[in-house]
Amino acid sequence: MSSKCHVSCRFILIPVLARRFAASATGTAIGLFARAVTAVQATWAGCAPEPRQRVYFANHTSNGDFVLIWTVLPPFMRDMTRPVAAREYWLTSPLRSFIGRDVFNAVLIDRRPEARTEDPVAQMIAAADTGASLIVFPEGQRNMTTETLLPFKTGLYHFARQRPEIDLVPVWIANLNRVMPKGEVIPIPLICTVTFGTPLHVTEGEAKDAFLARAEAALRATAPAERVPA
Amino acid sequence: MTAMPTDLWLLLLGLGGVLLAASGIGYALAQTRGADDPVIDNLNARINAWWVMVILMGLALTFGKAGASVLFAFCSFAALREFVTLTDTRRADHMALVAAFFVVIPVQYWLVWAEWYGFYSIFIPVYAFLLLPIIVTLRGDTGRFLARVAELQWALMVCVFSVSHVPALLSLQIPGFEGRNVLLIAFLVVVVQGSDVCQYIWGKLLGRHKIAPNLSPSKTWEGFIGGALSAIVIGASLSWLTPFTPLQAGGMALIIVLMGFFGGLVMSAIKRDRGVKDWGQMIAGHGGFIDRLDSVIFSAPIFFHLTRYFWSTV
């Protein structure tokens with residue numbers, strides 16, 4: 001009986017292990033590439049790099065944003081952290097699906113209310129209930145404007161109301177939009193920084209708009225002092 | 001590739017001895033004054049970084065011209081990245097910046113490696129100077145145009161053109177000095193960095209009167225004079241490495257020290273203008289690459305041209 005299992009297990013295990021190995025190697029390669037291009041520096045301004053369950057909410061100007069956060073997290077934090085990403089983007093090709101699902105273990109949510117079958121907040125709650133930390137971009141889309149931030153979507157508030165004990169950490173990603181502006185093909189190797197701010201929580205009875213305004217202000221406050229062009 | 005001169009081994013051995021002593025003193029200070037004193041903490045971080053820099057430098061020079069070209073090309077890349085990060089680039093600059101990083105740096109160092117003096121001396125001041133603004137213009141964004149193209153040209157002159165004069169020393173041909181040019185690099189780097197280190201030490205020990213409080217709060221008259229005199233002594237005592245007499249070596253060291261000192265002030269002025277303390281955080285205790293290279297940037301081309309004019313046959 002054991003030998004029978006051995007044979008059938010091998011057929012299942014080898015592709016699974018190979019896929020896992022490929023995912024891990026790809027993750028390492030992507031991290032090294034991100035470091036080579038951006039020499040990314042992490043600043044733990046408002047909290048320490050410790051294995052606590054957190055929701056990192058960040059500004060969003062580039063498709064590489066979550067890669068940069070993922071890269072600067074120490075390995076013991078990285079393994080428990082999952083980016084929340086757009087299903088309709090990451091499932092459009094086998095390569096994207098491999099990177100999204102296998103490499104980054106993303107929580108894939110559908111941003112199109114008319115097309116989706118699952119509630120994004122419920123998916124985030126389910127992921128958090130397994131102990132995972134999450135990376136979210138509350139602006140909901142890449143910011144292509146000259147504004148510092150776009151108005152936040154409400155998902156962060158609904159999540160915070162249901163899991164009020166989890167730290168919400170504002171994360172400011174600086175310069176990545178200069179490395180690879182939209183429409184360019186070749187990145188330029190500028191130094192990027194990722195700044196982790198002071199965690200916040202939704203307070204008892206706090207209204208949606210008040211909380212979102214506070215979260216937005218906290219994220220703005222996390223940004224390193226901007227030099228003003230003359 | 002020529003075999004590394006024995007003198008370089010002797011010099012590296014000597015530097016190893018100095019660093020051993022420095023590490024010993026740093027360790028003793030940390031034991032007696034407490035390891036959490038930020039000044040001592042920074043001192044030990046600097047000494048550790050020096051170990052890495054001396055070992056990398058020694059390794060590169062054992063590979064001769066190719067090693068030196070690759071090492072300084074990498075320094076230029078890291079420096080240019082720090083410089084451009086602090087400038088206010090726009091999307092319209094993207095292609096010109098791509099060209100600066102991925103065309104200008106490799107071409108400049110290839111020309112240096114190929115010893116093509118007539119081209120590497122004008123490639124950035126002439127060709128990059130004229131062609132990059134044309135690439136920027138093609139995007140049609142005229143906002144702050146002059147500032148943007150001027151900043152890019154400055155970045156290239158400082159981070160690539162100047163720095164490339166260090167490996168370019170290998171292309172000089174000095175009668176009676178054949179196969180020993182790598183020692184010119186060693187002389188320049190030891191005098192420049194020795195001057196920086198001695199200014200730091202004299203400044204920490206005796207520094208009272210600030211030279212340029214607006215530019216660099218840590219630079220004092222005591223540090224500058226003590227450091228400059230120490231570096232001239234170091235330079236004169238290293239004349240056995242060079243084609244210079246002790247007096248000439250001391251004079252070269254004086255010029256290197258002055259250029260390095262004022263170069264440090266110029267680069268500080270840029271940092272103050274940009275509102276930062278250091279150019280980066282790549283080298284623990286020192287800041288960025290440019291913080292370590294600023295005095296090399298201003299002294300290398302002058303040292304190169306003086307040596308070339310008075311000693312070299314090409």
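These numbers come from the heavy atoms of this one structure, side chains and all, not from hydrogens, waters or symmetry mates. Residue numbers start from 1 in every chain, and the chains themselves are labelled A, B, ... in the order their sequence lines are given, proteins ahead of strands.
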Which atom names give the shortest non-hydrogen contact between Arg81(B) and Ala39(A), and what distance separates them? NH1-CB, 3.1 Å
Are there more than 12 heavy atoms of other residues, nucleotides or ligands under 6.0 Å from atom [atom1] of [X]?
X	atom1	answer
Trp90(A)	CH2	yes
Tyr127(B)	OH	no
Arg101(A)	CZ	no
Phe21(A)	CZ	no
Phe129(B)	CZ	no
Phe33(A)	CZ	no

Is a side-chain N or O of Arg178(A) found less than 3.5 angstrom from the main chain of Asp88(B), in a donor-acceptor match? no
Is it the side chain or the backbone of Phe83(B) that comes within 4.5 Å of chain A heavy atoms, both, or neither? neither
Qualifying residues under side chain to side chain donor-acceptor pair (under 3.5 Å), relative to Arg220(A), sequence neighbours excluded: Glu216(A)
Thr154(A) meets the side chain to side chain donor-acceptor pair (under 3.5 Å) criterion, sequence neighbours left out, with none
Close approach to chain B in residues 184-193 of chain A, criterion heavy atom under 4.5 Å: Glu184(A), Ile186(A), Pro187(A), Ile188(A), Pro189(A), Leu190(A), Ile191(A)
Segment of Thr38(A) engaging chain B (4.5 angstrom heavy-atom cut-off): backbone
Quick one: of Asn175(A), Asn177(A), Val37(A), who has the most non-hydrogen atom pairs under 4.5 Å with chain B? Val37(A)
Which of residues 130-138 of chain B get closer than 4.5 angstrom to chain A, counting heavy atoms alone? none
